[in-house]
Amino acid sequence: MKRWALVCLTLLLGACGSFSQPGLEPVQDPEVLAFASRIEGFYRGLEGVPVDVRMTFEDERLRDHFDSQAAFTDYYASLAAQLRDAQFRNTRVDRVEIRDFSFENPERARVLVTLVGRHLRILRFWEIETRRSDAWQLLDGRWVLTPERL
């Protein structure tokens, strides 16, 4: 467990350009790098599109990160409801910030993200944000989101 936490910390610091700090070595573990790439691809796919529209719901790139249609539908409904409750304009996420990820074990990880967008009311022109904690699981050699049910 400590090894995974250290690898994650090193990877996150490296993503922030902090590899030059003394004592830190770049992450070489291909499994960790593959996981980081996979989550990056998923969360970048949520940026700049309204979540509760058919085009986004039918996006195969997003669906590819789930092991079943039911898992995708549960996650998608939860995400859309969260954005509506937070009063995101058009349920659109302008930016996703991956804050942290940690491995509970070699086959299960938790990813903390901040979703940033604009307020539903145009006169409230500043950015708003909401946070999520998503569970990922390694199934048959592929990392997939495993959402909690609504």
Chemist: If we only count heavy atoms from C-beta on, is the F72 to D67 side-chain gap below 4.5 Å?
Modeler: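 Heavy-atom side-chain distance check fails, nothing below 4.5 Å.
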Chemist: As a quick check of understanding, evaluate salt bridge (Lys or Arg N to Asp or Glu O under 4.0 Å) for R142 and D140, giving each step before the final call.
Modeler: CA-CA 6 Å; R142 186 175 77 124; D140 299 324; over 6 Å; no
Chemist: Any non-hydrogen side-chain atom of T130 less than 4.5 Å from a side-chain atom of L83?
Modeler: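 Of all side-chain heavy-atom pairs linking L83 with T130, at least one is under 4.5 Å.
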Chemist: Taking the side chain as C-beta and beyond, is there a heavy-atom pair between W136 and H65 under 4.5 Å?
Modeler: yes
Chemist: Nearest 0.5 Å, please: how far is CG in L112 from CZ in R132?
Modeler: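 Answer for the CZ-CG pair, R132 versus L112, is 11.5 Å.
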Chemist: Indicate whether the side chain of Q87 and that of R121 have a donor and an acceptor atom separated by less than 3.5 Å.
Modeler: no
Chemist: Looking at side-chain heavy atoms only, is the closest gap between L120 and F88 below 4.5 Å?
Modeler: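 The answer is no; the side chains never approach within 4.5 Å.
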Chemist: Do the side chain of Q82 and the main chain of A77 share a donor and acceptor less than 3.5 angstrom apart?
Modeler: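 Flag not set: sc Q82 to bb A77 has no pair under 3.5 Å.
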Chemist: Under the 3.5 angstrom rule, does the side chain of T146 hit a backbone N or O of A135 as a donor-acceptor pair?
Modeler: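 A pair under 3.5 Å: yes.
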Chemist: Between R89 and H119, is there a donor-acceptor pair closer than 3.5 Å when you use the side chain of the first and the backbone of the second?
Modeler: yes
Chemist: A side-chain contact here means heavy atoms from C-beta on lying under 4.5 Å apart; do E31 and P106 qualify?
Modeler: no
Chemist: Do V111 and D100 make a side-chain contact, defined as non-hydrogen atoms from C-beta onward lying under 4.5 Å apart?
Modeler: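 The answer is no, as the side chains (C-beta and beyond) never meet within the 4.5 Å cut-off.
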Chemist: Are the side chains of E127 and R118 in touch, meaning some heavy atoms are under 4.5 Å apart?
Modeler: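 They are in side-chain contact.
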Chemist: With a cut-off of under 6.0 Å to the ring centre and 45° to the axis, is R110 in cation-pi contact with F103?
Modeler: no
Chemist: Between the main-chain N or O of P50 and the side-chain N or O of T91, is there a donor-acceptor pair closer than 3.5 Å?
Modeler: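 No; zero donor-acceptor contacts below 3.5 Å.
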Chemist: Which distance, rounded to the nearest 0.5 Å, do you find between the CG of L145 and the CZ of F66?
Modeler: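 If I round to the nearest 0.5 Å, the distance is 4.5 Å.
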Chemist: How long is the straight-line distance from OH of Y43 back to OG1 of T114, given to the nearest 0.5 Å?
Modeler: 11.0 Å
Chemist: Could you state whether L123 and I128 fall into the same hydrophobic cluster, counting links through intermediate Ile, Leu, Val, Met, Phe, Trp or Tyr residues with side-chain heavy atoms under 4.5 angstrom apart?
Modeler: no
Chemist: Output yes when a side-chain donor or acceptor of D59 lies under 3.5 Å from a complementary backbone atom of R61, and no otherwise.
Modeler: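 It does hold such a pair.
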Chemist: Give the intermediate values and the outcome of side chain to side chain contact (heavy atoms under 4.5 Å, CB included) for residues V116 and V96.
Modeler: CA-CA 6 Å; V116 180; V96 178; over 6 Å; no
Chemist: Would you call T73 and F57 a side-chain contact if the rule is heavy atoms closer than 4.5 Å?
Modeler: yes
Chemist: Let me have the donor-acceptor pairs involving side chains of residues 35-42, under 3.5 Å, with sequence neighbours excluded, atom names and distances please.
Modeler:
{"from": "R38", "atom 1": "NE", "to": "W143", "atom 2": "O", "distance (Å)": "2.7"}
{"from": "R38", "atom 1": "NH1", "to": "D64", "atom 2": "OD2", "distance (Å)": "3.3"}
{"from": "R38", "atom 1": "NH2", "to": "D64", "atom 2": "O", "distance (Å)": "2.8"}
{"from": "R38", "atom 1": "NH2", "to": "W143", "atom 2": "O", "distance (Å)": "3.2"}
{"from": "E40", "atom 1": "OE2", "to": "R44", "atom 2": "NE", "distance (Å)": "2.8"}
{"from": "E40", "atom 1": "OE2", "to": "R44", "atom 2": "NH2", "distance (Å)": "3.3"}

